[in-house]
Amino acid sequence: MSHATKIKAAVTSVQSQRLLGIMELEMPRRVNDDLSRIFFRTLSELRKHQQWRQARNTIDITPKANN
């Protein structure tokens, strides 16, 4: 084998390893993004529900002005 062939084989091997590394890192990142998105969506729904309950249970005791 010539040096050029060995170098090309080494370059291909390194590129394959880098691509594999990127693909392995992509999955946990996507899972984290999905969980984060679901968490904040659920938190938003909880806040809306709490605001609704507070508005529903609030009793207005301010005196009305007599005309």
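FYI, the numbering just counts along the sequence from 1.
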Please report, to 0.1 Å, the donor-acceptor pairs under 3.5 Å made by any side chain of residues 15-22, with sequence neighbours excluded.
residue: S16; atom: OG; partner: T12; partner atom: O; Å: 3.0

Report, one line per pair, each donor and acceptor closer than 3.5 Å where one atom sits in a side chain of residues 35-42; sequence neighbours left out.
residue: R37; atom: NH2; partner: D34; partner atom: OD1; Å: 2.5
residue: T42; atom: OG1; partner: I38; partner atom: O; Å: 2.8

Contacts satisfying salt bridge (charged side-chain N to carboxylate O under 4.0 Å, His left out) that involve residues 48-59 (not counting sequence neighbours) are E45-K48

